[in-house]
Each structure stands twice: as C-alpha cells, then as structure tokens.
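Written out below as structure tokens is the structure these notes cover.
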Amino acid sequence: MSDIELHLHLDGAITVPIARKLAGLGQVELPSEDDEELKKELQVPADCPDLTSFLKCFELPGSLMQTPETLSEAVRLVLDDCEEQGVVYAEIRFAPQFHQRLSMNQEDAVKAALEGLNEVNQRTEKRGTGIHANLILCCMRGEGNEEENRETLRLAEKYLVPDGGVVALDLAGAEALFPTSKYRDLFLEAKEKGIPFTIHAGEADGAGSVRDAVEFGASRIGHGVRSEEDPELVKLLAEKKIPLEMCPTSNRQTHAVEDMSSYPILRYLDAGIPVTLNTDDPAIEGTTLPEEYAYLKSLTGLTGEQEKTLRKNAIEAAFTTEKVKSGLRKLLVLVLLFAQLLLPNTAASVSAAKAALTLSKKNVSMTEGTYVVVDVKKNTYPRLDSTSSDTSVLTTEIVGDKLRLISFRAGKATVKVAGYNKKNKLKKTVTVSVTVTEKERVDFTEEYGPNSMHAGEATWYDPKDSPGMAGLGDYRNKYFVAAMNTDDYMNDLAGAFIELTGESGETINVLIVDMLVGAKKGNIDLSKEAFQEIAPLATGRVAITWRVVPLPTDDPVVFRWHCKSTKYWAALQVRNSVYPVKKVEYLDEKTGEYIPLRKESYYVFTADNGLGSDGPFTFRITDVFGHQIIEENIPYASDNVLVTGTKNFPALDNGEVG
C-alpha cells in the first residue's frame, strides 16, 4: 500500500539494526552486544507502564547521532525502513538543538540531515520509484532554551523550501509542564515569516492547548487526541479543516489515552476533521504504519472507505507542493484499483497464507475481580474475536494486539481467540485455559459512623434458579452475588459496607461492595443467611433503602505513583484497603493552600498540571463521610512503587468529621 507518514520523529525510529550501524560509524560503544538486550534500551514493552519509561528510550538514539556522518546516515536508514514498509511520502521531524553534544551546532545538524534526505530523494528520482521525503525542525518545550528555539526558527526560515528539504516547524516536548500558550510569540513570529508549522498539542495537555495552537496559526496539530474535551473546538477544527496527526499506539503507550476502546479518531473523522494516521516513534513503540492501520481496524472497525479517506487526508495535509500531491493522488488511485480489481482473491489468499496467530500464554491463573493481559503474537488477521466459555467466570476483549481477561468469580473457563480474513471468514482459532481463584473475604458486622440513608432498587438472582444471570457469579465462600441496580454513587464506594433494609424496616444484612472489574452499577456480595431471609423476593426487583458504613482498618494509607512524564506530573492512587476516598488535595508550598487533584476513578487522583516541586509532598485526604487526615513527607517515587503513609482515617461512632 502507498502510505503517507506525516508524524515521525527521527530519534524515535532508530531500530536495533540502525543503532548498530550508527554505533559503528560514530565509534560509540553500545550497552549490549545482545540484540534482545539492546532492544530493551530502544523499545518499550507493548503495555508501557508510563511516559518516563517511554522517554528513556530516546537516550541511546540521541547519543548515536552527534556527528554529521551519523545524523545523515540515520536519516537515510530510517527512510529506507519506511520505504520497505510501503511508505511513499514521509516527513521526518527532529530537534537540531539535541545534536550539539560534540562539535555540531544546530545549523550543522540541519545540513547533515538534509544531506541524508537529499540522497534518498535523488535516488528515488533516478529510479522513478521509491520514497520521497521532507524535514520538519522541532523547537522544544522547556526552561532556559528560548535562544535555542529562536535559532531553530531562524534555520527553518533560512532553509525553508516548498519541497525537498525543510518544509515546516514544530513544537515538541513536555506539554503538561510547559503549556503551548508560553510559545505564542515564537509561533506568531513564524507565522509572520511565512513558515508553516505544526504543534504537538492535546496529547499530555487538554483541548485548550489545541485551541492555542490553532490561534497561533498552526497548519496541523500533532496528536490533538484530547480535542473533544471542548465540543466547540471540534467544530472549529472541522470548519478550518485543520488536520490532526493521530498516533494510536503512541497515545496508548504514553497514556495520553487510557481507554483505547473509546479512541476518538473516527468520531473526529465523522465530525469533518481531516485526521491522518501516523506512527510517531515506530522503533520505540515496536510498530509500523501498516501495523497502525491494522491496529486501528481491530480497535475501531475501520472500513476500507475510511482507510482511504485517512490516506487522502494525509496527502492533502502534507507540507509539499501541489505537483507532489498530484502524483501521490494518482499513485493512491492506482494502488487501490490494483488491489480491488486486479488481484482481489490473490491478495486475500496471500494474507491468509502469511497470517499467524499465537498467544503469549496458554494457561493463566488469576484472582477474581482482577484482569490479566495476554499478548497476541504474529497477528496479521484483519479481525480478531475472543469468547469465554463461561461468562459468569470471566469475560474478554481484544484491544489491538492484546487479549484482556476480566474475571468475575472463582472457576475455570476456556478463552477462544479467532482470526478472520478480509472476507470475514474464520481462518484460525487458538485457546487459553484460565483458572480464577477466590479472593480473601472478611465478614465484618460491626457498624461505624453511618451516613445518610439512600433509596434505590435491587434485583436479586438465586444462582440455583438463574445461573449466570446478568453475568454474575454463584454462591461462593458464604456469599451470593447480587446486582444493585441504582444510579446513585455506588461506583464511588469500593471497599465500603452497605446496610440493606427490608420492606418492614428491619436490617437484613451488611454487604461488601466488590467493585469488580467491568461492573456497571456496583456488584455486591450477599451472605447466604441474608439471602435466605429475602428468599421470597429473590427473583424480582426490590425497593430498598441503604446506607454506607465506614470500616475500621489498621492499615495506613498507601500511595502509588504512576508517572506520566516527569516527577512533577503523576497520577496518584490513595488506598487504605477499605475506606472510600472522596477527595485528595496537595499542599502548594508557595501559597500554603491545598489544591484538589482531579478524580479519575474511585481511588485514582491526577495532578494534571504538576505538583510544583519534586517533594516530599503533603496530602489532605477526605473520605465520603468528611473524615480527614493529613499525610506529610510523602516522597516522590517512580511508577508502580508503593509509598506508605503513617496515618489512617479515624473510625468514629458518631460519624463526626475527624
């Protein structure tokens, strides 16, 4: 396929073979002679834990491109890789200020990159086929680099051409720490000088960042995935026909988008925004542009017509001449005709012949209420489906090249993954056996600090009469599972007790909120004894009143940091086993005021704009009853590191704020 790549970072495209060639040319010692170990330095795992891990992979490529020879060769080799993958037009972007560790200055770096670019373009012109490419120079967000950014702008103006060289300017870097608005003067100057530019925006920061870029005069937006946070902005992008350079795998791995099932690219396309599909950092992400199209198909059900539109959008959005665009349009038409008219059956059979489908695990053990991710390897099928043999035990979903297993109750199930060809014909199935074990349960009955009463409805299912109904489990460890169908704030009450009141006002039982993965309206456990007491109502909807009861615990508060870019910007989990946390605030050392963190889920709170220092931090935590504690001297920790506080919420019998 004739692909168009508009968003490709040079230092994010250095594969293991390229790294070895550059190291030899520049006489740089690599950290390992083993390809797999070297790959770990250059590529994040498919389930990249955080942006810190992602950014670390840029360190080695940067060290390999510090001479004119290595930088030129890097551009040539990356474009060769693109050509092998079917890319016919590419725009490589890089920051000249990152290549000055040795003897080069920014202008030397631009000249070196142009040398590699020109060699590839001349080769293509001579052969009459191949890849054609241009360069985008990146300014960088940060502190104290204003003069370096001005120099990058000056070089963009000096070397700017309509095609075959430097064609645009960009702004990259830590968007959440250094807002786009800070660079207003820089890009207003670029606009005044007639330099086209794209700006990374709406990735780590919100829709306001995209709006700023549009206001500056950006011709395109890098990523823009969070634009839909502002519906009026979506309309503006559609009206102005401003393309978005979208990169799904990158957005997943950097956690710009946490729930890829709601990835907005097709919504943007339907809204009239000329979105394009790109890789961003293919070597770091372990992807290619053809694989991005395959991923998008599995993620969104992308149709052939939509795929064609994405490619057309990329042609029109390219920073190049009308002559080059015209050639790309003709090539796209020819390729589509060839694929659809000349070789329809052969193409499908070749795809099926090369297709392979394997899972990284054949047997999985997990605990109820958790999920496990299994890699889907060597997947070239256009469509995958997954099914569970017992949906009361667990359910499944396919996200890109990942199989997610979501457990509900103890038991065993077989999960089948099926691969289909382009004609939607089943070609292969593979299976994984799953054993789900019970989680430890504690039956508390003592009441502490009751909250106000709430009314709702519940539907009770007797597992003997309605096995598996509503996807809920059977009797286990003295408990049945019941669905509490209320639109009240059940989903915010994980770990709390629920006190159920019968029709005559009597207390039937105290129930534990499970908050199982995938639960829609709060699943709860009901003891066998309590179930027997309401047996006459077991198969219908029941009007109930209920209240939450806070639980005693000896466990201190636990903090889990999830770093998205730097230590100043982190998602924070605050847990103390059983207390439902309502609000978390951090102390701003400069103002002495507590600033609330945005609540993302029932125990995850995020500082979108950073915590303002590198710690230690002071947090004020409030539960649903108004109980408060202040935890001081909480240190910064890297991703997935638990930090234990020293205090706990007071369990007060009278329910007063502690």
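This is a predicted model, so every value here is computed, not measured.
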Any donor-acceptor pair under 3.5 Å from K583 side chain to L597 backbone: no
Knowing that exactly one of L266, N278, I4, L296 qualifies, which makes a side-chain contact (heavy atoms from CB on, under 4.5 Å) with L310? L296
Where S219 and F319 come nearest, the two heavy atoms and their spacing: CB-CE2, 3.7 Å
Donor-acceptor contact below 3.5 Å, side chain R311 vs main chain Q306: no
Within 6.0 Å of CD in E192, more than 12 heavy atoms from elsewhere: no
Within the structure provided, determine whether N313 and P243 are in side-chain contact (heavy-atom separation under 4.5 Å). no
Heavy-atom distance under 4.5 Å between the side chains of E632 and F619, does that happen here? no
Does the ring centre of F197 sit less than 6.0 Å away from the ring centre of F187? yes
Residue pair S250 / T279: nearest heavy atoms and the distance that separates them: CB-O, 4.3 Å
Qualifying residues under ring pair (Phe, Tyr, Trp, His ring centres under 6.0 Å), relative to H200, sequence neighbours excluded: H7, H9, H223
Applying side-chain hydrogen bond (donor to acceptor under 3.5 Å, both in side chains) to T276 and R220, what does each step give before you reach the verdict? CA-CA 10 Å; T276 67; R220 300 190 326 226; over 6 Å; no
Establish, yes or no, whether the cationic atom of R211 lies under 6.0 Å from the six-membered ring centre of F216 and within 45° of the ring axis. no
Does E228 pair with R267 as a salt bridge, N-O distance under 4.0 Å? yes
Should the pair K312-E307 be classified as a salt bridge under the 4.0 Å nitrogen-to-oxygen rule? no
Does this structure show an ion pair linking E291 with K297, if we count only N-O contacts that are shorter than 4.0 Å? no
Going through the distances and angles, do D163 and T320 end up as a side-chain hydrogen bond (donor to acceptor under 3.5 Å, both in side chains)? CA-CA 5 Å; D163 181 75; T320 186; 2.5 Å; yes
Under the criterion side-chain hydrogen bond (donor to acceptor under 3.5 Å, both in side chains), I'd like the reasoning laid out for E245 against T198: C-alpha separation, chi angles, the key distance, then a yes or no. CA-CA 9 Å; E245 307 156 358; T198 178; 2.9 Å; yes
Between E148 and Q106, is there a side-chain heavy-atom distance shorter than 4.5 Å? yes
For R252, which residues count as a salt bridge (Lys or Arg N to Asp or Glu O under 4.0 Å) partner, sequence neighbours excluded? none
Is K241 salt-bridged to E316, going by a charged N under 4.0 Å from an acidic O? no
